[in-house]
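Structure below; questions to follow.
Keep in mind it's a predicted model, so treat the numbers as computed, not measured.
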Amino acid sequence: MNHAYLILCHTPPYHIATLAARNPTHHYYIHYDLKSPIIKLNFLHNHSNVHILPNRVAIHWGGFSMILATLNLFQAALAQPKNQYFHLMSGDCIPLISSEKLSNAFANKPDGTLFLQCENVPRLRHRMRFNAPHADTHWQRSIFGRIITKIIQLADYIIPSELIGWRGSQWFSADRVALQNLFDESLGDASDYFAKKLVPDEHFFQYIVKRLPEKFNLIEDNHRFIRFNDTANHPDFLSLDDLWAAQRSGAWFARKVSPQNAARFLEYETEI
């Protein structure tokens, strides 16, 4: 069964060249941020199973532009009918197990299987509840934007609501039926609803799955190892020892990994 690795990045993912050469029957789809010079990906042009998307989006951190870029990856990967399993990852992610082991993880699972982190986080409900004028703009992380966000948080605290704040990591794995369902449902009301929401990449797909549970065999574990330091917005860079510890724990992918450590890890792990 063919695997498709869907990669969102803004810096060159050098380790993808190694993975693509080792796994010629699997496909690697790359969305490279429109703000980054595409010439930096020239090192991938000799790999026929690497597909660099032409329809690039300028991504703002925590904005709906991230969802649009992700949907472009879905569309490109679903266009290849041989792709059966799909893994959304960043350019700083690295697989910890082989594609064969990933296939085994999906074996005997029903169609529509989706490995997606999903939990109710009431303190983040404001993101799903209110439109924000500064969402998906450069103002979002400014002092002005943070003040608006605090006002929105206060409004959520004061005004009662029964809305559930489903939240989870944006990185997941899915079979073909699940990804097609996610893509189809993303083109409707969900996109309109989230277009001006804050940090929709942590809520958008969870919102769809929880609204339509009959369309998915949801497994609420994305098998990713990601470590955050206290309240940091970005994950820690992982050492080689961290990667092997994550591998032993049963994780399928790890983030965030420097190009140097990704190259060194793959030198040792020749079956990936």
Item checked: Steps toward side chain to side chain contact (heavy atoms under 4.5 Å, CB included) verdict (Leu238, Ile94) -> CA-CA 11 Å; Leu238 302 175; Ile94 192 167; over 6 Å; no
- Just by distance, with hydrogens left out, do His87 and His3 show a side-chain donor and acceptor under 3.5 Å apart? yes
Tell me if the centroids of the rings in Phe106 and Phe115 come within less than 6.0 Å of each other.
yes
Nearest heavy-atom contact between Ala77 and Leu6 is CB-CD2, 3.4 Å
More than 12 heavy atoms from other groups under 6.0 Å of OH on Tyr157:
no
Point to revise | Cluster check Leu163, Phe205: I/L/V/M/F/W/Y, side chain < 4.5 angstrom | key: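 Yes; Phe205 is reachable from Leu163 via cluster members.
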### Query
Are there more than 12 heavy atoms of other residues, nucleotides or ligands under 6.0 Å from atom NZ of Lys101?
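Count not over threshold, so no.
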So, for Phe64 and Phe194, is the gap between ring centers shorter than 6.0 Å? no
Please report the C-alpha distance between Ile208 and Lys215 in whole Å, then the side-chain angles of each, then the deciding distance to 0.1 Å, and finally whether the side chain to side chain contact (heavy atoms under 4.5 Å, CB included) criterion is met.
CA-CA 10 Å; Ile208 290 174; Lys215 291 195 173 187; over 6 Å; no
Can you tell if the side chain of Asp189 reaches within under 4.5 Å of the side chain of Ser191, non-hydrogen atoms only? no
- prompt: Mind checking whether His51 and His27 have ring centres under 6.0 Å apart?
  reply: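 Distance test on ring centres: under 6.0 Å, yes.
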Between Tyr5 and Tyr28, how do the two ring planes meet: parallel, tilted or perpendicular, split at 30° and 60°?
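Because their plane-to-plane angle is under 30°, the rings of Tyr5 and Tyr28 count as parallel.
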- Query: Same cluster or not: are Val177 and Leu102 linked, directly or through other Ile, Leu, Val, Met, Phe, Trp or Tyr residues, by side-chain heavy atoms under 4.5 angstrom apart?
  - Reply: no
- Task: Go through the steps to decide whether Ser169 and Ile226 satisfy the test side chain to side chain contact (heavy atoms under 4.5 Å, CB included), and finish with yes or no.
- Result: CA-CA 9 Å; Ser169 169; Ile226 306 172; 4.3 Å; yes
Next item on the list: Could you tell me whether a side-chain N or O of Glu100 sits under 3.5 Å from a main-chain N or O of Ile97, the two making a donor and an acceptor?
Entry: no
request  = Verify the cluster assignment for Tyr14 and Ile38: are they in a single hydrophobic cluster under the rule of side-chain heavy atoms below 4.5 Å apart?
outcome  =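 Same cluster.
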If you look at every heavy atom in Asp201 and Gly62, which pair is closest and at what distance?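 Nearest heavy atoms, Asp201 then Gly62: OD1-CA, 4.0 Å.
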### Task
With the side chain counted from C-beta on, respond yes when Pro13 and Ile30 share a heavy-atom pair under 4.5 Å apart, and no when they do not.
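Yes; the side chains approach each other to less than 4.5 Å.
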Heavy-atom closest pair (Leu41 atom, Pro12 atom, distance to 0.1 Å) is CD2-CA, 4.0 Å
Is there a donor-acceptor pair under 3.5 Å between the side chain of Asp136 and the backbone N or O of Ser65? yes
Query raised in the report: If you measure only the distance, is there a donor-acceptor pair under 3.5 Å linking the side chains of Trp171 and Gln117?
Result: no
Here the gap from Glu271 atom CD to Ser99 atom OG, rounded to the nearest 0.5 Å, amounts to 11.5 Å
For this session: Measure the CG-NE2 distance between Leu116 and His223 for me, rounded to the nearest 0.5 Å.
Result: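 Here the interatomic distance stands at 11.5 Å.
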Worksheet item: How far does CG of Asp242 sit from CD of Gln247, to the nearest 0.5 angstrom?
Response: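 Interatomic distance, Asp242 CG to Gln247 CD, rounded to 0.5 Å: 12.5 Å.
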| Distance (rounded to the nearest 0.5 Å) between Leu53 CG and Asn72 CG |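 Between atom CG of Leu53 and atom CG of Asn72 there are 6.0 Å.
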**Study point:** Ring centroid separation Tyr207 to Trp166 under 6.0 Å
**Key:** no
Checklist line | More than 12 heavy atoms from other groups under 6.0 Å of CD1 on Ile39 | finding: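 12 or below, so no.
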Starting from the C-alpha separation in whole Å, work towards a yes-or-no answer on salt bridge (Lys or Arg N to Asp or Glu O under 4.0 Å) for Lys210 and Glu220. CA-CA 11 Å; Lys210 288 296 184 178; Glu220 296 184 10; 3.1 Å; yes
*Distance, nearest 0.5 Å, that separates CG of Asn23 from OG1 of Thr18*: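 Going from the CG atom of Asn23 to the OG1 atom of Thr18 covers 10.5 Å.
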* Using a strict cut-off of less than 4.0 Å between a Lys/Arg side-chain nitrogen and an Asp/Glu carboxylate oxygen, indicate whether Glu162 and Arg129 qualify as a salt bridge. =>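 Judged by the 4.0 Å cut-off on N to carboxylate O distance, Glu162 and Arg129 do not form a salt bridge.
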message: Using a 6.0 Å cut-off, check whether atom CZ of Arg22 has over 12 heavy atoms from anything other than its own residue.
response: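 Yes, the 6.0 Å shell around CZ holds more than 12 heavy atoms from other groups.
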Requested in this report: Give the intermediate values and the outcome of salt bridge (Lys or Arg N to Asp or Glu O under 4.0 Å) for residues Arg127 and Glu202.
Outcome: CA-CA 10 Å; Arg127 294 178 177 176; Glu202 295 184 358; 2.8 Å; yes
- Task: Can you see which heavy atom on Ala132 is nearest to which on Ile152, and at what distance?
- Result: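 Looking at all heavy atoms of both residues, the closest pair is CB-CD1, 3.7 Å.
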Grab the two heavy atoms, one from His60 and one from Thr137, that are nearest each other, plus how far apart they are.
->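 For His60 versus Thr137, the nearest heavy atoms are ND1-C, 4.1 Å.
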- Task: Identify whether NZ of Lys or CZ of Arg in Arg224 sits under 6.0 Å from the centre of the six-membered ring of Trp252 and within 45° of that ring's axis.
- Result: no
#### Entry: Pairs satisfying salt bridge (charged side-chain N to carboxylate O under 4.0 Å, His left out), at least one member in residues 44-65, at least two apart
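Of all non-adjacent pairs touching residues 44-65, none passes salt bridge (charged side-chain N to carboxylate O under 4.0 Å, His left out).
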Q. Should Phe253 and Leu96 be marked as a side chain to side chain contact (heavy atoms under 4.5 Å, CB included) after you check the CA-CA gap, both sets of side-chain angles, and the distance that decides it?
A. CA-CA 5 Å; Phe253 297 85; Leu96 300 175; 5.6 Å; no
Check your understanding: Does CH2 belonging to Trp139 count more than 12 external heavy atoms closer than 6.0 Å?
Key ->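 Not more than 12 within 6.0 Å, no.
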query = Judged by atom type as modelled, is there a donor-acceptor pair below 3.5 Å linking the side chain of Asn83 to the main-chain atoms of Ala4?
reply = no
Should the heavy atoms of other residues, nucleotides or ligands under 6.0 Å from CG of Asn46 be counted, would the total exceed 12? no
Assess, by modelled atom type and distance only, whether the side chains of Arg167 and His203 contain a donor and an acceptor separated by less than 3.5 Å.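 Result is no, nothing qualifies.
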- Is there a chain of hydrophobic side chains (I, L, V, M, F, W, Y, each step under 4.5 Å between heavy atoms) that links Met89 to Phe183?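 The answer is no; the residues belong to distinct hydrophobic clusters.
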Does Ile164 reach the side chain of Met128, with side-chain heavy atoms less than 4.5 Å apart? no
- Item | Stacked cation flag Lys197 on Tyr193, 6.0 angstrom / 45 deg | yes
Can you tell me if Asn108 has over 12 outside heavy atoms packed within less than 6.0 Å of its CG? no
Exercise. Scan Ile59, Ile7, Thr70, Ile52 and name whichever one has a side-chain contact (heavy atoms from CB on, under 4.5 Å) with His31.
Key: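 Passing option: Ile59.
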Discussion item. Contact between Asp156 and Phe130 at the side-chain level, heavy atoms closer than 4.5 Å - yes or no?
Written reply: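 Sidechains of Phe130 and Asp156: in contact.
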Under 4.5 Å between side-chain heavy atoms, counting indirect links through other Ile/Leu/Val/Met/Phe/Trp/Tyr residues: same cluster for Leu88 and Tyr29 or not?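 They do share one cluster, since a chain of ILVMFWY contacts under 4.5 Å joins Leu88 to Tyr29.
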Are a donor atom and an acceptor atom from the side chains of Asp184 and Gln180 found within less than 3.5 Å of each other? yes
Between Thr113 and Lys109 (side chain of the first, backbone of the second, donor and acceptor by atom type, cut-off under 3.5 Å), is there such a pair? no
What I'd like to find out is whether the side chain of Tyr32 reaches to under 4.5 Å of the side chain of Lys40, using heavy atoms alone.
yes
**OP:** List in chain and number order the residues that pass salt bridge (charged side-chain N to carboxylate O under 4.0 Å, His left out) with Asp236, two or more places apart in sequence or in another chain; answer none if no residue qualifies.
**Re:**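 With neighbours one apart ignored, the set is Arg227.
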State whether the number of non-hydrogen atoms from other residues, nucleotides or ligands found under 6.0 Å of Glu119 atom CD is greater than 12.
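Yes, the 6.0 Å shell around CD holds more than 12 heavy atoms from other groups.
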OG of Ser173 to CD1 of Ile219, rounded to nearest 0.5 Å, is 10.5 Å
Polar side chain donor-acceptor pair, Asp33 to Ser36, under 3.5 angstrom
no
* Of all heavy-atom pairs between Gln140 and Ala135, which one has the smallest distance, and what is that distance? ->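 Looking at all heavy atoms of both residues, the shortest contact is OE1-CA, 3.5 Å.
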